[in-house]
Student: 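Let me begin by handing over the structure; questions about it come next.
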Amino acid sequence: MPELPEVETVRRGLHELIIGRKVKAVEHDTPKGFPNAAADVEEFLIGAKITNVRRRAKVLLIDLSTDYTLVIHLKMTGQMVFVSHPSDLSSADLTPLERERTAREAEETIGGGDDGELRFGAGHPNESLVGELPDKSTRVTMTFEDGSHLYFNDQRKFGWMKLMPTLEVPNIDFMKKVGPEPLDAEFTAAEFAERFKRRPKTSIKAALLDQTVVAGVGNIYADESLWGAKIHPERLVNTISSEEFEKLYEELRAVMNLAIEKGGSTDKNYVNAEGKRGSYLTFARVFRREGKPCPRCGTTIIKFKAAGRGTHICPHCQVK
DNA sequence: CACTTGACCTGTCCGC
DNA sequence: TGCGGACAGGTCAAGT
């Protein structure tokens, strides 16, 4: 589910919504979902104020005034949804800014179909995917002093949330191994190509999905960027030219920036911090578009399995 | 060591 | 309509 653009969208939403709020109570389900001793939660989470919301790769970091941090991985179906009042989930009372954004997205959506099909609804940004919370997928409920709530929902229970000292976060194995942020201004095309040399004999798609090469790429943006760069996903890394790496670098950044602008991709579960969908999939060129024409050449897009994942390509633009 | 596959879970969809 | 199997956006452990 959430890849870099989705987690970044959630981060931005939470940054707006929860900083400065003070935690009053926390309820959680299994030790797996929140594997901290109750004593830690009591001592370092209850009564703490949210001071910052950060992101590294696909990991969300909520910093607390106790110098502890909530480290959160949404994995496939995790959601972090803030609710100040139950009625917030209806779209009736949008702010003027939200209203403007919604109108603009709707306009772009109508004009955005490249196959003559009016695709509307599935990616409509104003559509709320969550109903009354908590629901049966809710695994952690955090209540703030002002009565508002932050819910961690996770249907498939792959996600997790951990409480740890802020200073220890960089020492987590994942943080030590994870590659650079692809959207960082200082991250160059040359460094991008260089990172792949650690996986010379694997497929380019498997390497893109490897978080130690570059951070934050998942199945959607791997397929989208490979289509953009006209590279077949099963080609081995050591057969990719430097020109192709440069193109892939540009495409990956472009596609992720566009996705962030569109509030991420919602296929089934993903929602932002307000419980609303992202609309990127309306603009996707190959992902989940098997059987439809390639926007570039009209050839029918096909789906198959590569690097153990559902993979979408244009068989004309992307050859082995 | 490098790389690939299966497991972790629940829900949904598709074919019989 | 019911049931079994395949599949789903991520990551890690175990296997080759």
Side-chain angles (χ1 to χ4, degrees), chain A residues 1-10 29-35 55-60 71-80 122-123 129-131 135-139 152-162 172-179 195-226 233-238 252 255-256 259-260 262-272 277-284 286-291 303-312:
Chain A
M1 171 218 190
E3 306 182 31
L4 188 153
E6 289 72 36
V7 181
E8 176 60 19
T9 301
V10 172
D29 63 344
T30 61
K32 193 201 163 197
F34 201 155
R55 176 190 61 76
R56 176 75 171 97
K58 300 171 191 171
V59 177
L60 265 179
V71 183
I72 302 160
H73 203 304
L74 302 174
K75 289 287 182 83
M76 304 282 256
T77 54
Q79 308 173 331
M80 294 295 294
L129 256 191
V130 297
D135 63 23
K136 65 178 178 178
S137 77
T138 300
R139 301 177 53 204
F152 171 44
N153 303 323
D154 183 20
Q155 186 175 94
R156 283 172 79 179
K157 301 186 178 178
F158 287 177
W160 46 259
M161 186 183 276
K162 282 175 191 154
I172 305 171
D173 275 357
F174 179 86
M175 292 295 179
K176 288 195 283 195
K177 288 189 303 186
V178 71
R195 299 285 306 176
F196 283 87
K197 288 188 178 167
R198 56 174 54 212
R199 305 291 305 277
K201 299 187 77 171
T202 194
S203 69
I204 186 67
K205 176 153 181 177
L208 266 176
L209 294 173
D210 182 343
Q211 301 298 297
T212 70
V213 176
V214 178
V217 185
N219 207 31
I220 298 175
Y221 303 108
D223 281 6
E224 291 289 291
S225 59
L226 287 168
E234 289 178 317
R235 282 183 52 202
L236 299 188
V237 168
N238 63 12
L252 179 63
V255 117
M256 284 193 159
I260 292 171
K262 301 303 172 192
S265 293
T266 295
D267 184 9
K268 290 190 173 64
N269 292 274
Y270 168 74
V271 294
N272 67 16
R277 294 173 164 274
S279 68
Y280 175 82
L281 283 190
T282 307
F283 302 87
V286 286
F287 191 82
R288 281 295 162 84
R289 301 200 64 235
E290 60 270 29
K303 180 179 181 184
F304 60 102
K305 192 160 254 189
R309 317 296 300 277
T311 297
H312 311 73

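Just so it is clear, the structure is predicted and the values come from calculations on it, not from any experiment. Scope of the values below: all heavy atoms of this structure, side chains included, with no hydrogens, waters or symmetry mates.
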Student: For the pair made of CG in Asn153(A) and C1' in dG11(B), what is the distance, rounded to whole Å?
Tutor: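 In whole Å, dG11(B) C1' and Asn153(A) CG are 15 Å from each other.
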Student: Can you identify which nucleotide, out of dC12(C), dG9(C), dT10(B), has its nearest atom closest to the Gln155(A) side chain?
Tutor: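 Of all the options, the side chain of Gln155(A) is nearest to dT10(B).
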Student: Tell me the interatomic distance from Asn238(A), atom CG, to dA2(B), atom P, rounded to whole angstroms.
Tutor: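 So the CG-P distance, Asn238(A) to dA2(B), works out to 14 Å.
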Student: Between C1' on dG9(C) and CD on Gln79(A), what's the gap in Å once rounded to a whole number?
Tutor: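 My rounded result for the distance is 13 Å.
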Student: Look at the side-chain N and O atoms of Lys303(A) and state whether any lies under 4.0 Å from the OP1 or OP2 oxygen of dA8(C).
Tutor: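 Looking at the OP1 and OP2 atoms of dA8(C), one of them is under 4.0 Å from a side-chain N or O of Lys303(A).
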Student: Does OP1 or OP2 of dT10(B) have a side-chain N or O of Lys157(A) closer than 4.0 Å?
Tutor: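 It does, given that an N or O in the side chain of Lys157(A) lies less than 4.0 Å from OP1 or OP2 of dT10(B).
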Student: Is Gln211(A) near enough to dG10(C) that one of its side-chain N or O atoms lies under 4.0 angstrom from OP1 or OP2?
Tutor: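 Result: no.
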Student: What is the distance from CZ of Phe304(A) to C1' of dA6(C), rounded to the nearest Å?
Tutor: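 So the CZ-C1' distance, Phe304(A) to dA6(C), works out to 18 Å.
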Student: So what does Asp267(A) touch, heavy atoms closer than 4.0 Å: a base, only the sugar-phosphate, or nothing?
Tutor: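 Base contact - Asp267(A) has a heavy atom under 4.0 Å of at least one base atom.
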Student: Does a nitrogen or oxygen in the side chain of Arg309(A) sit under 4.0 Å from OP1 or OP2 of dG9(C)?
Tutor: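 Indeed, a polar side-chain atom of Arg309(A) lies that close.
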Student: Taking OP1 and OP2 of dG10(C), is either one under 4.0 Å from a side-chain nitrogen or oxygen of His73(A)?
Tutor: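 So the side chain of His73(A) is outside the cut-off, no N or O lying under 4.0 Å from OP1 or OP2 of dG10(C).
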Student: Using whole Å, report how far CZ of Arg139(A) lies from C1' of dC8(B).
Tutor: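 In whole Å, dC8(B) C1' and Arg139(A) CZ are 11 Å from each other.
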Student: Distance between the P atoms of dC9(B) and dC3(C), in whole angstroms?
Tutor: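 Here dC9(B) and dC3(C) have their P atoms 25 Å from each other.
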Student: Does the side chain of Leu74(A) reach to within under 4.5 Å of the side chain of Lys58(A), using non-hydrogen atoms?
Tutor: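 No. Closest side-chain heavy atoms not under 4.5 Å.
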Student: Where each residue is assigned the nucleotide of DNA chain B containing its nearest heavy atom, which of Ala206(A) and Lys268(A) is assigned the position nearer the 5′ end?
Tutor: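 So the residue in question is Ala206(A).
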Student: Which whole number of Å gives the distance between the C1' atom of dA6(C) and that of dG6(B)?
Tutor: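 15 Å, rounded to whole Å.
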Student: Would you say Lys136(A) reaches dG11(B)'s phosphate, i.e. side-chain N/O to OP1/OP2 under 4.0 Å?
Tutor: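 Yes, such a contact exists.
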Student: Please give, in whole Å, the distance from dG10(C) P to Met161(A) CE?
Tutor: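 Whole-Å distance recorded here is 19 Å.
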Student: Looking across every strand, which nucleic acid part, if any, lies under 4.0 Å from Gly218(A) by heavy atom: base, sugar-phosphate, or nothing?
Tutor: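 The answer is sugar-phosphate, as Gly218(A) gets under 4.0 Å only of primed atoms, P, OP1 or OP2.
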Student: Given 3.5 Å as the limit, does a donor-acceptor pair link the side chain of Ser279(A) with the main chain of Thr282(A), or not?
Tutor: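 No, Ser279(A) side chain to Thr282(A) backbone: no donor-acceptor pair under 3.5 Å.
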Student: Provide the distance between the two C1' atoms, one in dG9(C) and one in dC3(B), to the nearest whole Å.
Tutor: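 Going atom to atom, C1' in each nucleotide, I get 22 Å.
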Student: Could you check which of dG10(C), dG9(C), dC7(C) has an atom nearest any side-chain atom of Lys58(A)?
Tutor: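 Nearest to the side chain of Lys58(A) among the choices is dG10(C).
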Student: For the aromatic rings, using the six-membered ring if either is Trp, is the centroid distance between Tyr270(A) and Tyr280(A) under 6.0 Å?
Tutor: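 Here the rings of Tyr280(A) and Tyr270(A) have centres that are no less than 6.0 Å from each other.
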Student: Can we say Asp154(A) and Lys75(A) salt-bridge, meaning some charged N sits less than 4.0 Å from an Asp/Glu carboxylate O?
Tutor: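 Not counted as a salt bridge, because no side-chain N and carboxylate O are separated by less than 4.0 Å.
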Student: Can you name the residues that form a side chain to side chain contact (heavy atoms under 4.5 Å, CB included) with Asn238(A), not counting sequence neighbours?
Tutor: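 Result, side chain to side chain contact (heavy atoms under 4.5 Å, CB included) vs Asn238(A): Pro200(A), Lys201(A), Leu236(A).
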Student: Roughly, in whole Å, what's the span from CZ in Arg198(A) to P in dC3(B)?
Tutor: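 These atoms are roughly 11 Å apart.
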Student: Take Thr9(A) and Asn272(A) through the side chain to side chain donor-acceptor pair (under 3.5 Å) test and state the conclusion after the steps.
Tutor: CA-CA 6 Å; Thr9(A) 301; Asn272(A) 67 16; over 6 Å; no
Student: Do NZ/NE/NH1/NH2 and the carboxylate oxygens of Arg309(A) and Asp223(A) come within less than 4.0 Å?
Tutor: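 Salt bridge between Arg309(A) and Asp223(A), a charged N being under 4.0 Å from a carboxylate O: no.
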Student: Is a donor on one side and an acceptor on the other found under 3.5 Å between the side chain of Arg195(A) and the backbone of Thr212(A)?
Tutor: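 At least one qualifying donor-acceptor pair exists.
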Student: Does dT4(B) have OP1 or OP2 sitting under 4.0 Å from an N or O in the side chain of Thr202(A)?
Tutor: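 For dT4(B), OP1/OP2 do have a side-chain N/O of Thr202(A) under 4.0 Å.
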Student: Whether Arg199(A) contacts dC3(B) is assessed here as follows: a side-chain N or O lying under 4.0 Å from the phosphate OP1 or OP2. Is that the case?
Tutor: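 Yes, within the criterion.
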Student: Touch check for Lys177(A), heavy atoms < 4.0 angstrom, all strands: base, sugar-phosphate only, or nothing?
Tutor: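 Nothing, no heavy atom under 4.0 Å.
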Student: Indicate the ring-plane relationship of Trp160(A) and His73(A), choosing parallel, tilted or perpendicular according to the 30° and 60° boundaries.
Tutor: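 Taking His73(A) first and then Trp160(A), their aromatic rings sit tilted (interplane angle of 30° to 60°).
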Student: Using both pair distances under 3.5 Å as the test, note the stems of at least 3 consecutive Watson-Crick or G-U pairs that include DNA chain C.
Tutor: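 Paired runs of 3+ in DNA chain C: B:2-8 with C:10-16, B:10-16 with C:2-8.
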Student: Centroid distance below 5.5 Å plus an interplanar angle below 30 degrees: do Phe158(A) and dC8(B) meet both conditions?
Tutor: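 By the stated criterion, Phe158(A) and dC8(B) stack.
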Student: Give Tyr221(A) one of three labels, base, sugar-phosphate or nothing, depending on what nucleic acid heavy atoms sit under 4.0 Å from its own.
Tutor: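 The answer is nothing, as Tyr221(A) stays clear of every strand by at least 4.0 Å.
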Student: Tell me the interatomic distance from Asn269(A), atom CG, to dC13(B), atom P, rounded to whole angstroms.
Tutor: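 Rounded to the whole Å, the gap is 12 Å.
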